[in-house]
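Written out below as structure tokens is the structure these notes cover.
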Amino acid sequence: MKFQPFKLERYFARYEFSAKYLLCSSDCDGLAVSDLLSLADEETRKMWQELKVGYTESLGLPLLRQEIIKLYQGINQDDVLVAAPEEGIFIAMNVLLNKGDHIICTFPGYQSLYEIAHSLGCEVTKWVLDEEKDWGVNLTFIEKNIKKNTKLIIINFPHNPTGSLINKKDFQKIAQIAKAHDLYLFSDEMYRFLELNPDHRLPSAYEVYDKAISLFGMSKTFGMAGVRIGWLVTKDKKIFEEMKVFKDYTTICSSAPSEILSLIALRARDVIIAHHLERIKNNLNLLEIFFEKHQNLFSWVRPKAGTIGFPQLKGKINSLTFCRELVERTGIMLLPSTVYDFDDKHFRIGFGRENMPEVLKIFEKYIVNNG
Ligand SMILES: Cc1ncc(COP(=O)(O)O)c(C=O)c1O
């Protein structure tokens, strides 16, 4: 199987560790191990101290899987497969899809959600979110585009890159459409629990539909991307078995230290998530003021969840040029919409980081001086 380059990751590879300021990160600030360990209970502290870094259980550490199921309703530990998030997408797509199948995937989006299908020889229909409707979904579009060979619908809410969160009715309707046509539903829920209003939190697709596969992990909501721990959950036993077997060809098992650090964080989830949400809310308020003040230059849809938004440039300048000039002149990294193959007018901005207010000031000075 041959892949197209992952444009977003290639852009990050170029600037992430050389740019002075990151203003487009999709994760919350990385947690320090010392802070994390201070949250450990007696059992997990002992596990950490006595840890032997050998192979681990392929499905994931049983205690970790037990903690994961507490995030869902009606879940059974046997439905959880631990894998790095990106690995989870790779495994699921390989198991679910064959050459000639058709998928419908929300767009713009995280490239692997549709690119792996494309590389497998599948037909891909991009389901473009509607910016005019707060980056919402047009449900008649999927109904119209389901074909004989459609196998899978792929969604991602809270959404990368727009911060969109559809309403519960639309979410249920997507699950109903999938059910009515006997399709699988892959739901990337990587930004779950970062809803600004907790009442708007969607159920996990796993909870509402038997042929759904949901993805979540430690990277974004917990600020622990470096542990490379995530998981797939599904009630579909056949798919679960096939995914389990596929993992033998990716990582075989997950990292032992990472599993314990993830267990510690999941047990302390209320404290960690509340801390991140507070920062996100403060940062978003600053962005609100910023975009209000500079509406001659930008328009934006205020995100409802997650750590990122997708403003639009109003002037003549295209986004790739804008982002390149910005990073070269100020050291601030933004992400042009070209890496999403979307258009050349939007950029991704991130608000999960502690230093966002400081970086925003430098950004503001730059745009004021460069008009
Ligand atoms: C929507 C979405 N899904 C999956 C991933 C992959 O997560 P990870 O980088 O932790 O493997 C990302 C990362 O940016 C993402 O934004």
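Remember, it's 1-based here, ligands and their atoms both numbered in the order they're listed. Keep in mind it's a predicted model, so treat the numbers as computed, not measured.
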Distance-only donor-acceptor pairs under 3.5 Å for side chains of residues 358-365, two or more places apart:
residue : atom : partner : partner atom : Å
Glu364  : OE2  : Lys293  : NZ           : 3.0
Glu364  : OE2  : His294  : NE2          : 2.6

Residues two or more places apart in sequence or in another chain: which of them pass ring-ring contact (aromatic ring centres under 6.0 Å, His included) with Phe240?
none
Is there a path of hydrophobic side-chain contacts, each under 4.5 Å between heavy atoms, that joins Leu113 and Phe3?
yes
Contact set, ligand 1, heavy-atom distance under 4.0 Å, ordered by chain/number, equals Ser26, Pro85, Glu86, Ile89, Tyr110, Asn156, Asn160, Asp188, Met190, Tyr191, Ser219, Lys220, Arg228
So Tyr206 and Tyr72, would you call those rings parallel, tilted or perpendicular, with 30° and 60° as cut-offs?
perpendicular
Output all residues satisfying side-chain contact (heavy atoms from CB on, under 4.5 Å) with Leu31, sequence neighbours left out; order by chain, then residue number.
Leu36, Met224, Ile272, His276
What's the shortest heavy-atom distance between Ile69 and Gln66, and which atoms?
CG1-O, 3.0 Å
